[in-house]
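So you know, we letter chains A, B, ... as the sequences are listed, proteins then strands, and number each from 1. Scope of the values below: all heavy atoms of this structure, side chains included, with no hydrogens, waters or symmetry mates.
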Amino acid sequence: MSEEKTLNFLEEIVEADLASGKYASLLTRFPPEPNGYLHIGHSKAINVNFGLALKYGGETNLRFDDTNPVTEETEYVESIKEDIRWLGFTWARELYASDYFDDLYGYAVKLIEKGLAYVDDSSSEEIAAGKGTPTEPGKENKYRNRSIQENLQLFSDMKAGKYKDGEKVLRAKIDMASPNMLMRDPVIYRIKHAHHHRTGNKWCIYPMYDFAHGQSDSIENITHSICTLEFIPHRPLYDWFIEKLDIFPSHQYEFARLNMTYTVMSKRKLLQLVNEKHVNGWDDPRMPTISGFRRKGYTPGSIREFCEKIGVAKRENLIDLGLLEFCLREELNKTALRVMVVLDPVKLVIDNYEEGRTEELTSENGPDESMGTRTLPFSKTLWIEREDFMEVPAKKWFRLAPGAMVRLKSAYIIKCNSFIKDEQGYITEIHASYFPESKSGHEGSGNIQVKGTIHWVSAEHAATAEVRLYDRLFLSENPAAEEGDFKDHINPNSLQVIEKAYIEPSLKQATLNERFQFIRKGYFCLDPDSTENHLVFNRTVTLKDAWAKEVKK
RNA sequence: UGGGUUAUGGUGUAACGGUAGCACUACAGAUUUUGAUUCUGUCUGUCUAGGUUCGAAUCCUGGUAACCCAACCA
């Protein structure tokens, strides 16, 4: 079977540009604004930009688009860098749009000198009104015809701080009747007397996105400037500035951003979830942020694989969260250490097992023999999962029930003799007898056939831990598209905390970067909230559960 | 309603005028000391109406639908 992978449209463009000699090498950039945390949607953009460069032997710059001092903070710069590194990518240069403020100012002066920009004294409302609507052209105002000399002076005064915020702006002089609203004399510089996280108080005028992005690309000699679909209408402006300024011609290309089921992706909505305490911060494991996924136990490889699988195209999409989970399970299944943990315990007493006796049983750590084995203490009294016992077994029930037999994983086959209920009818204890000859790994262990195998922990030897079970944050597939407030669709049971789960003793040595499969229950990892005496585990993702489906039928 | 972008199974993505393929999901079966994994199989698709052509998802014409654009945000 040949592995002939077809190219996505960006790869086709790049290959054509390289083949034609338009560019000798490839240089892309990832340009986040440092005003929030990166989410899974950004990981697609990261994968596209870094992935393309990697594939074609080029480089990728990390450029912080920090042209708006009032929303941006150094804290975000650090988290963004950490997330990109964690995903496994390395940038060629760490740059900032603010590095180019002097150049950008010079470009603005050049535009004024060419009669292509003017200072406008209108209020923002007046400017908005003057732009018209998509169906009606805008109107040219009286400031549009100021002399070059006057504009130069005024712009210089703006820079010098002679005006207050909002008193004046610099606008490009393009076409107030353009069908593209963005070409109707866009504002390119505004006054903001604000402290900038890098340039401090040096500037009180700041360039707008459209006057910073393309030029920054050009200054860095970015060959392919890749962004999302909503910037398509900006492209004519992007090209206009490059042409009028006569600078290196970077080109903009657009792809469809990632949308995923059962979550929201807009920064505004994520901020709301954090601020209104629907989650416990940006790195809450229920958040679609990179830091949230990291804390939940996702691996960088699974996210990269997911980004590869979803492809790159120009059409709107809503990708099934199940695909991300598939990528995760695919990796974790190969690498996670198998351990036994009882989340919802009920006591199991082996009547014919000697009181006080303990055996060290051997169990495999994973599917691959190279992962080795460990020992597990076994004794008369065990904890098993409450849901693994049914007083009146359902049809096709393979687990424990009165008179039924199951195997205790890596141990013995047992047969249930009886069980005890309290006055409320709650089962408090199950009694069984074991078959010594059925011991795992020993001759004759397979003489008795059973359909079910369940996990267990020795009561005497078990340690305890808190376990946090996460479910999807929203009940709706596409909460942002629902009528009304997206928050009305929050899943009230997205977090279930188990205060006291019984864990096998080996788990006391768990470390933060290890991944575990709690056999039959899912994949888990240690949470940073853990202390030596209080371990906390997060459920990364469940296992597929064919029985749960059977029950639903 | 002016401009722009996009339409392929439930989802995502290929096929670049010549057999509609791949992955996820779903379903069925086999294996299994995890009802996991693994393996095998099955279902389901070219927005619509015309046209060009020996042949159209692909080219042309007309519809339709979805998304984006009227911040001194990015």
Side-chain angles (χ1 to χ4, degrees), chain A residues 5-8 12 31-33 35 65-68 70-72 97 120 122-124 127-129 131-138 165-171 178-184 186-192 205-206 208-210 212-213 227-236 254 256 261 267 309-327 329-330 333-334 338 340 363-364 367 396-399 406-411 413 438 440-441 445-446 450-455 477 517-522 542-550:
Chain A
K5 267 199 86 181
T6 50
L7 303 177
N8 66 47
E12 282 180 359
E33 182 188 11
N35 72 343
D65 225 335
D66 56 351
T67 57
N68 187 353
V70 302
T71 58
E72 295 150 7
D120 192 324
S122 310
S123 68
S124 77
I127 290 176
K131 280 195 180 174
T133 68
T135 49
E136 295 166 62
D165 289 11
E167 274 188 2
K168 286 183 166 44
V169 292
L170 184 70
R171 291 228 250 170
S178 170
N180 181 345
M181 298 295 292
L182 283 154
M183 298 298 273
R184 323 245 261 228
V187 172
I188 59 177
Y189 259 95
R190 75 297 212 184
I191 299 169
K192 275 182 195 280
I205 57 171
Y206 292 92
M208 297 287 289
Y209 165 84
D210 285 304
H213 203 96
C227 60
T228 46
L229 253 27
E230 65 269 28
F231 290 96
I232 289 177
H234 294 250
R235 191 180 346 123
E254 312 86 7
T261 55
K267 224 175 249 182
K309 277 201 191 331
I310 61 178
V312 184
K314 297 189 81 147
R315 73 184 91 117
E316 287 290 325
N317 58 76
L318 180 62
I319 287 164
D320 191 343
L321 169 64
L323 183 61
L324 213 206
E325 295 185 338
F326 167 81
C327 296
R329 290 192 185 105
E330 194 181 36
N333 176 49
K334 292 186 200 126
R338 309 296 134 122
M340 291 203 275
S363 189
E364 71 282 0
K396 295 199 209 165
W397 178 256
F398 299 163
R399 285 118 92 156
V406 290
R407 173 171 290 282
L408 295 173
K409 170 74 181 167
S410 298
I413 288 173
S438 67
S440 283
S445 72
V450 291
K451 290 196 108 168
T453 298
I454 63 173
H455 60 281
E477 274 210 337
Q517 185 195 101
F518 291 2
I519 289 179
R520 303 207 305 133
K521 298 270 68 168
T542 59
L543 257 26
K544 278 212 213 159
D545 190 347
W547 173 247
K549 276 183 190 165
E550 189 65 35

Stacking between A/Tyr209 and B/A74, defined as ring centres under 5.5 angstrom apart with planes under 30°, is that present or not? no
Inter-nucleotide P distance (B/C24, B/G18), Å rounded: 28 Å
Rounding to a whole Å, what distance do you find between A/Glu325:CD and B/U37:P? 13 Å
What contact category does A/Gln517 fall into here, base, sugar-phosphate, or nothing, at under 4.0 angstrom with non-hydrogen atoms? base
In whole angstrom, give the distance that lies between atom NZ of A/Lys396 and atom C1' of B/G29. 12 Å
Using whole Å, what does the distance between atom P of nucleotide B/U5 and atom CG of A/Asn180 come to? 11 Å
Is the A/His234 to A/Tyr209 ring centre distance short of 6.0 Å? yes
Considering only atom P, compute the distance from B/G17 to B/A56 and round it to an integer number of Å. 14 Å
Which nucleotide in B/C27, B/C73, B/U5 has an atom nearest any side-chain atom of A/Lys314: B/U5
Touch class at under 4.0 angstrom, heavy-atom based, for A/Arg329 against every strand present: nothing
Which of parallel (below 30°), tilted (30 to 60°) and perpendicular (above 60°) describes A/Trp397 and A/Trp547? perpendicular
Give me the distances for all protein-to-nucleotides 70-72 of chain B N/O pairs that come in under 3.5 Å?
{"from": "B/C72", "atom 1": "N4", "to": "A/Ser122", "atom 2": "O", "distance (Å)": "2.9"}
{"from": "B/C72", "atom 1": "N4", "to": "A/Ser124", "atom 2": "N", "distance (Å)": "3.2"}
{"from": "B/C72", "atom 1": "N4", "to": "A/Gly166", "atom 2": "O", "distance (Å)": "3.0"}

What are the atom names and distances for every N/O pair under 3.5 Å that joins the protein to nucleotides 66-68 of chain B?
{"from": "B/C67", "atom 1": "O2'", "to": "A/Glu316", "atom 2": "OE2", "distance (Å)": "3.1"}

For B/A71, glycosidic torsion class - syn if within 90° of 0, otherwise anti: syn
Backbone N or O of A/Asn68 within a donor-acceptor pair of the A/Glu72 side chain at under 3.5 Å? yes
For nucleotides 14-16 of chain B, which of its nitrogen or oxygen atoms have a protein nitrogen or oxygen under 3.5 Å away, and what is each distance?
{"from": "B/A14", "atom 1": "O2'", "to": "A/Thr6", "atom 2": "OG1", "distance (Å)": "3.1"}
{"from": "B/C16", "atom 1": "N3", "to": "A/Glu12", "atom 2": "OE2", "distance (Å)": "3.3"}
{"from": "B/C16", "atom 1": "N4", "to": "A/Glu12", "atom 2": "OE2", "distance (Å)": "2.1"}

